[in-house]
Amino acid sequence: MPISVRLPDDSVRELRDGATGADLAQGIGPRLLEASLAIKVDGHLQDLNAPLPDGVKVALVTSKDPNSLEILRHSTSHLLAQAVKRLFPEAKAGIGPVIEDGFYYDFQVEKFFTPEDLVAIEDEMRKVSQEAHAVVREDLGRDEAIARFQAMGEPLKVELVSDIPADEKISGYRQGDFYDLCRGPHVPNTNKLKAFKLLHVAAAYWRGNEKNAQLCRIYGTAFHTQKELDEHLRRLEEAKARDHRKLGKELGLFSFHPEAPASPFFHPKGTIIYNLLVDFMREHYRVEGYSEVITPQALDVSMWKTSGHYDKYKENMYFTEVEEREYALKPMNCPTHCLIFGAGKQSYRDLPIRYADFGRLHRYERSGVTQGLTRVRTFCQDDGHIFCAPEQMKAEMASFFTFIMKIYDTFGFEEVRVMLSTRPEKRIGSDDIWDLAENALADGLREAGIDFKESPGDGAFYGPKIEFQVLDALKRPWQLGTLQVDYFLPERFGLRYTRADNTEGTPVMLHRAILGSLERFMGILIEHCAGAFPVWLAPVQLTVLPITDRVQAYAAEIRDKAQALGLRAEIDLRNEKVNAKIRDAQMQKIPYMLVVGDREAAEGTVSVRHRQKGNLGGQSLEAFFTQVLEEVRTRAHDHL
RNA sequence: GCCAACUUAGCUCAGUUGGUAGAGCAGCUGAUUCGUAAUCAGCAGGUCGUAGGUUCGAAUCCUAUAGUUGGCUCCA
């Protein structure tokens, strides 16, 4: 009995019974067969060599299909495992999934792989690829699979298979001397795998559990063509060049010292940016109806017991003792804001009350988790807490959404992803209140027409949270802002307000931040703009470059005028050629360089050079200043 | 916290099997006065992360410790 399948163009093809995707591709043309990696059957990916059922819709998957890269990478991870088993037969294979931008494979080994091992493994992978092994699916019963992996000396695989219900079929793949547990699908032959690279080794806990043994993980990536691979490696280099730790040092923004691990020291230039960010937020707070407050750094532990931090957050806090009283440095501002709210009698007429706080926070982070400015032990949030009546919550959420988007837009973060993180295991309060809080956030998002994904179990101990992620110039996601609903803290601190009918109510507390932490935000911003800050944030906005000593006085006059206008201006009086001065200014990413020589001095003009646009030619001082001041006023950002 | 790697001049990095440190840039001094990404010359600069140990002798080998990096686990 022949079978028939329907192609994407709705044409129908007759095939012999038992025909595979490969047969189909061959029938259409040998070039298509060559280009095909898998096949979609009624929308589901399948191996090219699997028999096709009758009457299905099929689509051959070539490198043009977005799913094909995943298949390619998955197959490459098997190729990696095969090569490792050849060179290191004693290595026990763990798992080898596809991840964003590549894949990894975990191995249990006596001695961790070295970079030299990686080179050898990669060479072996190339060999296996050239040997052109067919990749063949071999399904087994569960017990059969356990027996096989036991015989192969793969205890980790045995463990994985043992967790699968006894009656389930186990799918696996064979390529030459290598067999692996896998759902598939895979490319039909190892010779399809040509453009790959192993990137680095790292440790990873078996099954992601800290209590388990650590395996040696090899990270790699693969692409359809060498050209795409090279392009990807180039992007990695580009990301490295933008690393905020590197740029922070080169641009003189901040430094780190062993005296205070994971705690940034902001130098004058970094402090300028830091303060400008705070000013920027303050300016919006005035419009949005926030009142700034200042609260203490060290507070009695009794307060942290009331707030629940002592129970649920203790391992992240710093403690100190004075006069036999125990204090903790604040890891968050919220309890202090509750104390301020509770200090007076509040009426419904006063609500919502919005407190903003740029207080310094300290959180003890385990030594291995800190990273540059993005994960530090002391930082400052653009923190705010809104106390409102339950019926005001929706409106507060809606106006916060507009607020946050406006801020992100200023920095050129055009794409924003939103996550809803729900109740974690470690939490305070009853489940019905959590239901209430989670629903409030989800409804708020839906009403605002904001798409979001759920992230179960990732909420704060006192409430669920909405997290706002932005994509930077290299399309990397970063978490910045947050909005959290909290019914518990107001309750625990006994906060009340008087309603219009003279009864008492408990306010709802919204925790919110937009930049997240100033430290992390600065780190992300540095990487986003590659250190070339928008003019309003640039620590030095312009530098005057006199060509000869004869025009030093004129150059100084320009610098003084710029400073009088409130611009951050410098002058380069070094005995250097103008080329050298330009080079240094470029490396410092100073937005504007004003080259002045005898000609400019005579005409009373400046020759303007922009760090990205290059030489803009002569301009009158007035025209130049007007334009730069406008750029600063509007907080313009470069479209990169 | 765990695993691995790294730590040499202000910065970026050399330093071969252990034989008492080297370059470029930056800095200082001098010469040069120059039109859009590095002018030339000279000088100065380091108890090789820290503390122990092995050795006739340690930047190099061993141990401990601190910090950083890549991951894991956690997280703004």
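Since we're looking at a predicted model, the values are computed, not measured. What's counted below: heavy atoms across the whole structure, side chains too, no hydrogens, waters or symmetry copies. Protein chains get the first letters and strands the later ones, always in sequence-line order, with residue 1 at the start of each.
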Open item on the list: Under a 3.5 Å cut-off for both contacts, is B:rU50 paired Watson-Crick or G-U wobble with anything, and if yes, with which nucleotide?
Closed with: B:rA64

Open item on the list: Check this for me: A:Lys453, atom NZ, are more than 12 non-hydrogen atoms of other residues, nucleotides or ligands nearer than 6.0 Å?
Closed with: no

TODO: Describe the nucleic acid contact of A:Gly208 in one word from base, sugar-phosphate, nothing, applying a heavy-atom distance below 4.0 Å.
DONE: sugar-phosphate

Open item on the list: Using a heavy-atom cut-off of 4.0 Å across all strands, would you classify A:Asp549 as base, sugar-phosphate, or nothing?
Closed with: base

Task: Minimum-distance nucleotide (side-chain atoms of A:Ser367 versus B:rU39, B:rC3, B:rG1) - done: B:rG1

Task: Candidate pair A:Arg245 and A:Gln371, rule side-chain contact (heavy atoms from CB on, under 4.5 Å), full reasoning - done: CA-CA 9 Å; A:Arg245 293 166 298 196; A:Gln371 199 218 32; 3.6 Å; yes

TODO: Tell me yes or no: between the side chains of A:His385 and A:Asn333, is some donor less than 3.5 Å from an acceptor?
DONE: no

TODO: Describe the nucleic acid contact of A:Gly523 in one word from base, sugar-phosphate, nothing, applying a heavy-atom distance below 4.0 Å.
DONE: nothing

- [ ] Over 60° means perpendicular and under 30° means parallel, so classify the ring planes of A:Trp434 and A:Phe488, tilted if in between.
- [x] tilted

TODO: Please tell me which of A:Arg574 and A:Tyr364 maps to the more 5' nucleotide of RNA chain B, matching each residue to the nucleotide holding its nearest heavy atom.
DONE: A:Tyr364

Task: d(CZ, A:Arg377; C1', B:rA66) in whole Å - done: 12 Å

Open item on the list: Nearest to the A:Lys577 side chain among B:rG70, B:rU33, B:rU39, which nucleotide is it?
Closed with: B:rU39

Task: Nucleotide opposite B:rA21 in a Watson-Crick or G-U pair, distances under 3.5 Å - done: none

- [ ] Quick one: label A:Asp598 by what it contacts on the DNA or RNA (base, sugar-phosphate, nothing), any heavy atom closer than 4.0 Å.
- [x] base

Open item on the list: In whole Å, I'd like the distance from the NE2 atom of A:His511 to the P atom of B:rC75.
Closed with: 17 Å

Open item on the list: If you assign each of A:Lys465 and A:Ala204 to its closest nucleotide in RNA chain B, which residue comes earlier from the 5' end?
Closed with: A:Ala204

- [ ] Measure the acute angle between the ring planes of A:Tyr313 and A:Phe461, then classify it against the limits of 30° and 60° as parallel, tilted or perpendicular.
- [x] tilted

Open item on the list: So A:Gln484, base contact, sugar-phosphate only, or nothing? Heavy-atom distance under 4.0 Å.
Closed with: nothing

Task: Ring geometry between A:Trp304 and A:His309 (parallel below 30°, tilted from 30 to 60°, perpendicular above 60°) - done: perpendicular

Open item on the list: Whether the side chain of A:Arg245 and the base of B:rU68 hold a donor-acceptor pair under 3.5 Å is what I'd like checked.
Closed with: no

Open item on the list: Using a heavy-atom cut-off of 4.0 Å across all strands, would you classify A:Phe521 as base, sugar-phosphate, or nothing?
Closed with: nothing

Task: Between B:rG70 (C1') and A:Ile99 (CD1): distance, integer Å - done: 13 Å

Task: C1'-based separation of B:rG49 from B:rG27 [nearest Å] - done: 24 Å

TODO: Provide the distance between the two P atoms, one in B:rA59 and one in B:rU16, to the nearest whole Å.
DONE: 13 Å

Open item on the list: Classify A:Gln586 by what it touches in the nucleic acid, base, sugar-phosphate, or nothing, heavy-atom distance under 4.0 Å.
Closed with: base

- [ ] Look at the side chain of A:Glu365 against the base of B:rA76 and say whether a donor-acceptor pair falls under 3.5 Å; ignore hydrogens and angles.
- [x] yes

Open item on the list: Taking any heavy-atom pair under 4.0 Å as a contact, classify A:Glu250: base, sugar-phosphate, or nothing.
Closed with: nothing

Open item on the list: Say we look at B:rU68 and B:rU63: how far apart would their P atoms be, to the nearest angstrom?
Closed with: 23 Å

TODO: Check the distance between B:rA76's P and A:Arg512's CZ and give it to me in whole angstrom.
DONE: 15 Å

Task: Proximal nucleotide (of B:rA76, B:rA38, B:rC72) relative to the A:Arg583 side chain - done: B:rA38

- [ ] Kindly say whether, by distance alone, the side chain of A:Arg375 makes a donor-acceptor pair under 3.5 Å with the base of B:rC75?
- [x] yes

- [ ] Determine whether any donor atom in the side chain of A:Glu210 lies under 3.5 Å from an acceptor atom in the base of B:rC2, or the reverse, and answer yes or no.
- [x] no

Open item on the list: Which nucleotide wins on minimum distance to the side chain of A:Ala262, given the candidates B:rU68, B:rG35, B:rA37?
Closed with: B:rU68

Open item on the list: Please pick, from B:rG70, B:rG35, B:rC3, the nucleotide with the shortest atom-to-atom distance to any side-chain atom of A:Ala203.
Closed with: B:rC3

TODO: Look at all strands and tell whether A:Ala513 reaches a base, only sugar-phosphate, or nothing, counting heavy atoms closer than 4.0 Å.
DONE: nothing

- [ ] Considering just the side-chain nitrogens and oxygens of A:Gln214, establish if one lies under 4.0 Å of OP1 or OP2 belonging to B:rU73.
- [x] no

Open item on the list: Expressed as a whole number of angstroms, how long is the span from A:His200:NE2 to B:rU69:P?
Closed with: 15 Å

Task: A:Val369, nearest nucleotide to its side chain (from B:rC74, B:rA76, B:rG35) - done: B:rC74

Open item on the list: Regarding B:rG1, can its base be found pairing with the side chain of A:Tyr205 as donor and acceptor, where the two atoms are less than 3.5 Å apart?
Closed with: yes

TODO: For B:rC6 and B:rA64, measure between their P atoms and round to the nearest Å.
DONE: 16 Å

Open item on the list: I'd like the C1' distance from B:rC48 over to B:rG15, given in whole Å.
Closed with: 11 Å

Open item on the list: Just to be sure I understand the rule, does A:Lys581 reach a base, reach only the sugar-phosphate, or reach nothing, if contact means heavy atoms closer than 4.0 Å?
Closed with: nothing

TODO: Can you tell me, in whole Å, how much space there is between the P of B:rA31 and that of B:rU50?
DONE: 40 Å

TODO: Mind telling me whether A:Tyr355 and A:His337 have parallel, tilted or perpendicular rings, with 30° and 60° as the class edges?
DONE: perpendicular

Task: Under-4.0 Å side-chain N/O to phosphate OP1/OP2 contact, A:Lys246 with B:rU12 - done: no

- [ ] Verify whether the ring centers belonging to A:Phe468 and A:Phe413 lie closer than 6.0 Å.
- [x] no

TODO: Establish whether the base of B:rA37 is bridged to the side chain of A:Arg609 by a donor-acceptor pair shorter than 3.5 Å.
DONE: yes

TODO: Please state how far atom CZ in A:Phe256 lies from atom P in B:rU7, giving the value in whole angstrom units.
DONE: 20 Å

TODO: Give a yes or no on whether the ring-centroid distance for A:His284 and A:Tyr290 is below 6.0 angstrom.
DONE: no

Open item on the list: Any base atoms under 4.0 Å from A:Val201, or only sugar-phosphate, or nothing? Heavy atoms, all strands.
Closed with: nothing

Task: P atoms of B:rA5 and B:rU65, separation to the nearest Å - done: 16 Å

Open item on the list: Quick check with a 6.0 Å cut-off and a 45 degree axis cone: is A:Arg73 positioned over the face of A:Phe103's six-membered ring?
Closed with: no

- [ ] Rounded off to whole Å, could you give me the CE-to-P distance for the A:Met593 and B:rG35 pair?
- [x] 18 Å

- [ ] Answer with base, sugar-phosphate or nothing: what part of the nucleic acid does A:Phe379 contact at a heavy-atom distance below 4.0 Å?
- [x] base

Open item on the list: Can you tell me if A:Tyr313 touches the phosphate of B:rA76, counting only side-chain N or O atoms and a distance under 4.0 Å to OP1 or OP2?
Closed with: no

- [ ] Give the rounded distance in Å between these two atoms: CD of A:Glu116 and P of B:rA5.
- [x] 11 Å

TODO: Examine the base of B:rC34 for any acceptor or donor lying under 3.5 Å from a partner atom in the side chain of A:Arg550, and report the outcome as yes or no.
DONE: no

Task: Same-atom distance (P) from B:rA41 to B:rC25, integer angstrom - done: 9 Å

